[in-house]
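Everything below concerns the one structure shown next.
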Number of protein chains: 2
Amino acid sequence: MTIPDKIVGANAERSRSHNRKVVLDRIRASGEVGRAEIARTSGLSTQAVSNIIADLLDDGLINELGRRSGVRGLPAVQYGLNPKGGFALGVEIRPDAVFAAAIDLCGTPILSRRQILFAKNLRAVSDTVLALSHEVKRDVGVPSSKLLGTGIVMPGPFEATGLGGSASELPIWHDVDPQAWFEDLLGGPVVVANDANAAAVSERVSGAAKGLSTYAYLYFGTGLGLGIVQDGRLVTGAFGNAGEIGHIPVPSASGVAPLESMVSRLSVQNYLATAGIEVRNSNYLSQAYSAGQPALMDWLSAASGPLSTAIAIVENMLDPETVILGGALPDAIIDHFLTSVTLPDRSVSYRSDRAVPRLMRGGSGRMTATLGGAALIINRTFMPQIAA
Amino acid sequence: MTIPDKIVGANAERSRSHNRKVVLDRIRASGEVGRAEIARTSGLSTQAVSNIIADLLDDGLINELGRRSGVRGLPAVQYGLNPKGGFALGVEIRPDAVFAAAIDLCGTPILSRRQILFAKNLRAVSDTVLALSHEVKRDVGVPSSKLLGTGIVMPGPFEATGLGGSASELPIWHDVDPQAWFEDLLGGPVVVANDANAAAVSERVSGAAKGLSTYAYLYFGTGLGLGIVQDGRLVTGAFGNAGEIGHIPVPSASGVAPLESMVSRLSVQNYLATAGIEVRNSNYLSQAYSAGQPALMDWLSAASGPLSTAIAIVENMLDPETVILGGALPDAIIDHFLTSVTLPDRSVSYRSDRAVPRLMRGGSGRMTATLGGAALIINRTFMPQIAA
DNA sequence: TGCATTAACTCAACTGTGTTGATTTATCAA
DNA sequence: TTGATAAATCAACACAGTTGAGTTAATGCA
């Protein structure tokens, strides 16, 4: 579940792989750059950059974008990412269905599919994932050879912990390492993460966190999750279960309760259920919010306090550039939180010289985490590292 | 205050520097290894390892330790770290005094000094730091040329935040970047961090976290701090202020209060003060604890709850291998907490297959953070990275 | 208009570092 | 004693980045 490619020694080949990523990352960051500038910002010689650029052009990962003039000297040939140069697959395994999506090298979603999960055994899950990923690969409009890898998203926590009841706690994964299993099944690089982590990385690849490298993402799933990104890398903890913020105890009307008992999709549903309202489909909450439905409004104001606490905890513990709110709740409700939350003054994030807002809205909707799975792969493609 | 050496391109020279660290780190981890084994575990050829070992021997960083026999084949020549191969300086700047210490390559403390701070202006602090570091370098018994760098420890938070009142908030550092300033003053590599982060890294270099790479350290300073280590690197946040756990709001008798108002050295002092007891010197708490002084015992039982909450938060948010408790409180009191704290069942850290205890005691005493400053440098010496 | 200046880029020789495969050395085991 | 085993060395080689000289194509000034 973590992504810490083992640190190994460097040799010529691995250095080149590292440097390709360095160059690729500068191109992505700038949108459009010339070789000389890449050389200046990367600590490589122009010659080295030239050679790597030639490689990347050969591989179709980048495009030539004409020359930039306006300054003295020979106009620099500009390069930019080629969206069709590669794509990544995201596969999200939920208790009732499997979702799959593809995004291109620039992080733009290409297509998505879903399929009901008829049984919860390893065989059924594997078959569904395999069928779905084949389907997406076939329809994606880019040669399969350009598949960079697959990001598998499934609910944490991973391995046996004190937090029961999650889908991945099903006997399926007790004896099987998901990463190895899917690498074997799908035949390319595979990364496994939970929904919050996937969603967090997604923001960096194509969302609110573009250009940021240290931030946190509060993910409204069934529960409440947290994705922590430091220097462009996920902070996943020792066993891949970091970010289980929903389980921390916070003050509540009845003493102390887990945060996610007050702030999560499940908690709205429970709250509305006690008012005799059943959340039938995914649009219900959105409509109820527009209609100003009283029970929902009550929940919202009840949830604001604990959510503020959560943000205070995240800010003070992680000192992020920003905290992003997103996940499986309607945009409108997340926007509501953005304004209703009270950001504490006593926080390391309370500073006057901020370049980014303390709070932002990230991706939302039911595909957020699935797309995030693919984003894990794209992010890795651009993350310089010496690895085996 | 972060240590994120900028990611740059690799070349032959930087690869060698990276590989030296890879080799050095394996030697440290094993205590005693042969070249062939290093090669196997590092992804380098034996020849490359041989060349690097020759380099390291030349530089005096490692020693030859004879041959290991007992197996078939040519007995492997074993190598181990040479403690005298290098040393690091830690300098801690407190409101009233400056502490300095030196540790050797193996993390063993060599000597320490202190000096009262007569004024709090930049000049006075600089002079004191410079004088003290010269003194330590002179008396350390290892040539100054073997100084690997200096770790400066000062109370966070850094830069202007919503958390006032800390020493580094003094006007001194408003216009001056401490890292650049001390690099200029002391003339070698300098790392700046707060006490909790320094103490956390210290455990990894020579304490309870030896061999661990992902853990958290709850530091009892004047307030309550947290050092977060993931994959051997400090998680410092975007502005170096991650870990300000003392400021997060938790339930208290009077509603909600900052954690460190109940769990910190200052909070004991305040608590005892209301009972008419003044904490006069650093041994007082230790003696009071042995004597079973009622007011202190009251505070201890009052603090256990909030401390348990803090640990629950840390475990669930960071999924560490272990949580280490240490800092400026007597051993006995920290040991008391180790047993009095109730570890929540609902935690990602509640697992049966643990290799390390959930809770451990780390270094304590007044030099903990100072030694940690030096440990920052030692840790960096062994951390493989392609950097300029 | 012409020429100096500037900066990107290329070429070719060179350098540093790791890899490879054959060979040597030292110990264990039969 | 001899063969198996594994560490270590040697020497030729490959890869990738660097260096410095030379080329190209703009700008800016006379």
Side-chain angles (χ1 to χ4, degrees), chain A residues 7-24 26-27 30 32-59 62 64-79 384 386-388, chain B residues 7-24 26-27 30 32-59 62 64-79 384 386-388:
Chain A
I7 289 173
V8 293
N11 57 19
E13 192 182 339
R14 298 199 273 252
S15 290
R16 172 58 81 106
S17 151
H18 172 94
N19 288 346
R20 273 173 69 109
K21 291 176 186 204
V22 169
V23 169
L24 219 38
R26 311 277 156 167
I27 295 176
S30 323
E32 185 167 326
V33 243
R35 285 174 271 199
E37 194 183 332
I38 295 173
R40 277 191 298 268
T41 60
S42 67
L44 291 169
S45 62
T46 47
Q47 188 56 56
V49 173
S50 263
N51 296 338
I52 291 166
I53 289 279
D55 256 30
L56 295 173
L57 279 171
D58 263 8
D59 295 351
I62 57 173
E64 203 177 304
L65 300 174
R67 306 185 98 100
R68 185 173 90 166
S69 58
V71 281
R72 272 199 173 185
L74 207 175
V77 178
Q78 305 292 103
Y79 298 90
I386 299 284
Chain B
I7 290 174
V8 294
N11 56 21
E13 193 184 338
R14 297 200 275 249
S15 290
R16 172 57 85 111
S17 151
H18 171 93
N19 289 347
R20 272 174 69 109
K21 291 175 186 202
V22 169
V23 170
L24 221 36
R26 311 275 155 170
I27 295 176
S30 321
E32 186 165 326
V33 247
R35 286 173 268 197
E37 193 184 332
I38 296 173
R40 277 191 300 269
T41 60
S42 67
L44 291 168
S45 61
T46 48
Q47 187 56 57
V49 173
S50 262
N51 296 337
I52 292 166
I53 289 280
D55 256 31
L56 294 172
L57 280 171
D58 262 8
D59 295 352
I62 58 173
E64 204 176 305
L65 301 174
R67 306 183 99 101
R68 186 172 88 166
S69 57
V71 282
R72 273 197 173 186
L74 206 176
V77 178
Q78 305 291 105
Y79 298 91
I386 301 283

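Residue numbering restarts at 1 for every chain, and letters A, B, ... go by the order of the sequence lines.
- Shown here are the side chain to side chain contact (heavy atoms under 4.5 Å, CB included) partners of A/Ala39, two or more places apart in sequence or in another chain: A/Thr46, A/Val49.
- For A/Glu13, the CD atom is loosely surrounded, since the number of other residues' heavy atoms within 6.0 Å does not exceed 12.
- With a heavy-atom cut-off of 4.0 Å to chain A, the contacted part of DNA chain C has its first and last nucleotide at C/dT5 to C/dT19.
- For A/Asp55, the salt bridge (Lys or Arg N to Asp or Glu O under 4.0 Å) criterion is met by A/Arg16, A/Arg20, not counting sequence neighbours.
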- With the sugar-phosphate defined as primed atoms, P, OP1 and OP2, and the base as all remaining atoms, what B/S/- string results for nucleotides 17-26 of chain D, 5' to 3', for protein heavy atoms under 4.0 Å? SBB----BBB

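- For the pair B/Ile386 CD1 and D/dA16 P, the interatomic distance rounds to 15 Å; values are reported in whole Å.
- Considering only residues two or more places apart in sequence or on other chains, A/Ser45 meets the side chain to side chain contact (heavy atoms under 4.5 Å, CB included) condition with A/Gln47, A/Ala48.
- With respect to B/Ile38, the side chain to side chain contact (heavy atoms under 4.5 Å, CB included) criterion is satisfied by exactly one of B/Ile53, B/Val22, B/Leu44: B/Ile53.
- The CD atom of B/Glu64 sits 12 Å away from the C1' atom of D/dA8 (whole-angstrom rounding).
- Residue contacts for B/Arg40: at a heavy-atom cut-off of 4.0 Å it reaches the sugar-phosphate backbone alone, with no base atom in range.
- Taking 4.5 Å as the limit, every side-chain heavy atom of B/Tyr79 sits out of range of all side-chain heavy atoms of B/Glu32.
- Taking B/Arg40 as the reference, B/Ala36, B/Glu37 meet the side chain to side chain contact (heavy atoms under 4.5 Å, CB included) condition, with sequence neighbours excluded.
- B/Leu74 meets the side chain to side chain contact (heavy atoms under 4.5 Å, CB included) test with B/Arg67; sequence neighbours excluded.
- In this entry the distance linking CZ of B/Arg68 with C1' of D/dA8 reads 16 Å, nearest Å.
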